[in-house]
Amino acid sequence: MTVTVTVVAFLIHLYSRGYMEHEGGYYRFFAYLNLFLFMMLTLVTAANYPLLFVAGKASGSVPTC
């Protein structure tokens, strides 16, 4: 599952790089995207329920701009 999340995130990064090239907030968008990716990878690799809960809440609270 970790590989799936990483491959999908890589493809999203490639597409978004061209799509957001001339938009304002380019760096903020990628900061949020990377934070979301980190939380999703934490969610997938969580070894206990408290970490699973925290990662789930954190990935859901990342702003979608």
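In this chain, residues are counted from 1 in sequence order.
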For Tyr32 against Val62, the heavy-atom pair lying closest together
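Looks like O-CG1, 3.6 Å.
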
When the aromatic ring centroids of Tyr26 and Phe30 are compared, is their separation below 6.0 Å?
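Ring centres of Phe30 and Tyr26 closer than 6.0 Å.
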
Can you give each donor-acceptor pair under 3.5 Å made by side-chain atoms of residues 11-25, sequence neighbours left out, with the distance rounded to 0.1 Å?
residue : atom : partner : partner atom : Å
His13   : ND1  : Ala9    : O            : 2.8
His13   : NE2  : Asn34   : OD1          : 2.8
Ser16   : OG   : Ile12   : O            : 2.8

[X]-[Y] co-clustered via ILVMFWY side chain contacts under 4.5 Å:
{"X": "Tyr27", "Y": "Leu33", "value": "yes"}
{"X": "Val7", "Y": "Met40", "value": "no"}
{"X": "Val54", "Y": "Leu37", "value": "no"}
{"X": "Met1", "Y": "Leu52", "value": "yes"}

Gap between atom CG of Leu43 and atom CG of Leu51 - 0.5 Å precision
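If I round to the nearest 0.5 Å, the distance is 8.5 Å.
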
